[in-house]
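Every chain is numbered from 1 and lettered A, B, ... according to where its sequence line falls, protein lines coming before strand lines.
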Amino acid sequence: MSAASLPAPRARNSFLSRATRSPALLIGIVLVGLCVAMALFAPWLSPYDPDEQDVLNRLAGASREHWLGADSFGRDVLSRIIWGAQISLFVGFVSTLAGVVIGVLIGVVSGYYGGWVDRVISGANDVLMSFPQIIMGIILVAVLGPSLFNLILAIAITAVPAFVRIARGSTLAMKERDFVDACRSLGYSDMRIMFGHILPNIMDEVVVMASLWLATAIRTETTLAFIGLGAPPPTATWGGIVREGFENLLDSPMLAVWPSLAILLVMIGLNMIGDGLRDATDPRAPT
Amino acid sequence: MLLDVVDLAKTFTLRQGWPVPTLVDVRALDGVSFSVDRSEALGVVGESGCGKSTAARAALRLIEPDRGRVMFDGRDVLTAKPAELRALRRRMQIVFQDPASARDPRQRVGSALMEPLAVHGVARGDVARKRVLAILDEVGLPKTAFDRFPHEFSGGQRQRIGIARALALEPDLIFADEPVSALDVSVQAQILRLLDELKQRRRLAFVFVSHDLGVVRHFCERTVVMYLGRIIESGPTGQIFDAPKHPYTKVLREASPVPDPAVAKAKVAIEGEPPSPVAPPPGCHFHPRCPLATDICRTQAPALRDIAPGRRVACHHAS
């Protein structure tokens with residue numbers, strides 16, 4: 001039998017061309033990239049030690065020495081925001097990553113096996129999802145005590161149900177495809193099928209969800225810090241800085257505004273990345 | 001016998017109705033028995049929904065049947081332990097109808113074909129690569145296919161990949177579940193020719209599931225005809241086509257187009273839709289559409305009985 005000819009290899013840039021068609025993804029990446037760079041290079045970027053107190057400059061307004069002014073202890077607000085990015089982004093990334101890994105693992109197993117395994121997991125998951133995220137975070141941190149590790153743990157736990165749900169749903173859809181039966185008839189183990197063949201095919205959706213959840217995780221961290229359940233002071237975190245500014249809102253309103261702006265920019269950036277990725281990975285979208 | 005399937009039954013339970021859903025049973029398989037010899041091709045024909053694909057999947061244990069026995073080369077498939085089942089599956093493979101959904105879209109062809117070799121400890125690395133390239137060549141694909149993704153191929157080529165994957169472990173038996181139904185007629189012929197070559201060269205046995213009688217006639221030595229989860233006629237393919245005994249088989253044969261205008265002739269009219277497998281009619285399942293139906297057909301299900309050596313039919317009126 002003569003070898004059938006193949007079409008030329010398709011250019012594998014359809015994802016790229018879709019991703020760059022709308023500027024949203026690019027803007028989002030730039031915004032988030034700037035914040036990450038700020039966090040990474042904090043020791044070199046920040047003009048002052050974020051915890052250094054200078055009582056003579058208490059609540060000083062913006063000046064050439066202190067671009068964004070100083071707080072009630074006379075600490076430089078710009079430096080605190082730059083250093084605060086480290087904690088806030090770190091907590092966000094680590095807790096989201098933990099939530100993704102655990103949630104996807106559970107979700108794929110639940111969707112693949114079905115039956116009573118699925119019923120138990122889905123039921124437990126629905127219970128967890130019925131708690132508002134912030135309440136869940138408050139309860140966990142209140143029980144475990146405020147520390148950086150407990151904060152990450154609490155946020156990760158609130159993230160798990162969302163990823164269980166999305167991974168389970170995508171796995172259910174994948175399982176209907178013949179290739180899963182083909183794998184079984186070739187004698188592959190369940191582990192190999194779940195994590196070698198189903199998982200790579202549902203990662204699109206998981207990644208989109210993760211970028212949106214990163215924003216939620218960072219917001220949860222700032223909210224918990226704002227109500228005093230974040231990393232203990234004097235550690236600079238964005239939520240903590242907002243809180244300190246809030247206490248002096250009448251004397252120096254800009255103290256709370258600057259860190260809020262930083263939070264806002266990261267939120268916008270991450271949501272733009274999420275939306276952009278969703279559009280770029282949607283095969284139904286025109287190339 | 002290489003494969004011996006006895007009294008296979010499978011009932012699916014569906015939730016139906018609104019606002020108060022009720023559970024309904026769909027009898028996809030209702031006591032199906034058939035057997036396949038070494039290097040023999042068995043055709044399984046019938047309308048869509050008659051359970052022919054379910055029969056193939058249950059025999060492979062891709063779905064667990066409720067009842068019945070499947071013996072492959074003297075070993076019981078349905079009670080096999082996982083390790084034993086894995087060994088058995090090495091010798092029974094399946095080719096699917098829809099070549100688009102039968103491939104992992106993120107796995108290159110070469111790696112998809114090398115994986116089973118590694119899983120079963122047959123070959124790794126360069127040895128596996130050589131073997132895969134040989135199989136690609138055998139199914140008529142160029143070596144360059146090795147590094148391509150499934151979506152880069154046409155339907156016919158994808159089906160060749162599916163056949164290559166089924167061959168990778170050098171099985172004795174291949175279940176072909178409507179392997180050419182999703183393809184253009186010209187491509188169908190090529191794939192059938194390929195399957196025929198493989199059957200001769202590798203002395204493969206086939207269970208060939210199809211709704212297309214022309215395809216089965218071309219390919220299979222023996223044929224079973226299914227209707228609503230039951231086998232209603234079986235025998236050598238030539239006899240089934242030339243002298244069908246069951247009225248349903250006659251109708252089925254008339255419905256198969258003959259590509260010759262001179263053959264145009266009066267058709268046996270078939271009345272009505274196939275009845276729902278949820279609520280099959282009592283007695284003979286075919287009686288509401290049968291021109292020969294009498295009272296006994298409405299009350300008693302006919303048993304599959306021998307009417308000639310190697311020929312069985314389930315009809316009260318067949319002789």
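Under a 3.5 Å cut-off, the side chain of B:Q159 and the backbone N or O of B:P179 do form a donor-acceptor pair. Between the side chain of B:E152 and the main chain of B:F149, a donor-acceptor pair closer than 3.5 Å is present. Within the 3.5 Å criterion, the main-chain N or O of A:I155 finds a donor-acceptor partner in the side chain of A:T158.
Atom CG of B:D212 sits about 8.5 Å away from atom CG of B:L192, to the nearest 0.5 Å. Atom OG1 of A:T171 and atom CG of A:L199 lie 8.0 Å apart (nearest 0.5 Å). The CZ atom of A:F163 sits 6.5 Å away from the OG1 atom of A:T96 when rounded to the nearest 0.5 Å. Interatomic distance, CZ of B:R203 versus CD of B:E40, reported as 11.5 Å (0.5 Å rounding). Rounding to the nearest 0.5 Å places CZ of B:F96 at 13.0 Å from CD1 of B:I163. Note that CZ of B:F153 is 6.5 Å distant from CG of B:L141, once rounded to the nearest 0.5 Å.
Near-neighbour residues of residues 164-173 of chain B relative to chain A, defined by a heavy atom under 4.5 Å from a heavy atom of that chain, comprise B:R165, B:L169. The interface of residues 175-189 of chain A with chain B, defined by heavy-atom distances below 4.5 Å, comprises A:R177, A:D178, A:F179, A:D181, A:A182, A:R184, A:S185, A:L186, A:G187, A:Y188, A:S189. Of all residues in residues 214-223 of chain A, none places a non-hydrogen atom less than 4.5 angstrom from a non-hydrogen atom of chain B. Using a 4.5 Å cut-off between non-hydrogen atoms, the part of residues 73-94 of chain B that approaches chain A consists of B:R86, B:R89, B:M92, B:Q93, B:I94.
Side-chain contact check for A:D190 and A:Y112: at least one donor-acceptor pair (N or O, by modelled atom type) lies under 3.5 Å. Side chains of B:T11 and B:D25: no donor on one and acceptor on the other come within 3.5 Å.
For B:R106, the parts lying near chain A are the backbone and the side chain together; criterion is any non-hydrogen pair under 4.5 Å.
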**Request:** Check the pair B:L117, B:R124 against side-chain contact (heavy atoms from CB on, under 4.5 Å), reporting the backbone distance first and the verdict last.
**Result:** CA-CA 7 Å; B:L117 300 178; B:R124 279 173 195 280; over 6 Å; no

**Request:** Could you give me the CA-CA distance, side-chain angles and deciding distance for A:V207 and A:L277, then say whether side-chain contact (heavy atoms from CB on, under 4.5 Å) is met?
**Result:** CA-CA 8 Å; A:V207 166; A:L277 278 180; 3.8 Å; yes

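Cation-pi geometry between B:R108 and B:F146 is not met: the NZ or CZ atom fails to fall both under 6.0 Å from the ring centre and inside 45° of the normal. For B:K199 and B:F219, the positive end sits near the middle of the six-membered ring, less than 6.0 Å away and at most 45° from its axis. The cationic atom of B:K10 (NZ for Lys, CZ for Arg) lies less than 6.0 Å from the six-membered ring centre of B:F12 and within 45° of the ring axis.
Other residues, nucleotides and ligands contribute at most 12 non-hydrogen atoms within 6.0 Å of the CZ atom of B:R15.
Between chain A and the options B:K143, B:R61, B:E115, B:R103, the largest number of non-hydrogen pairs under 4.5 Å is found for B:E115.
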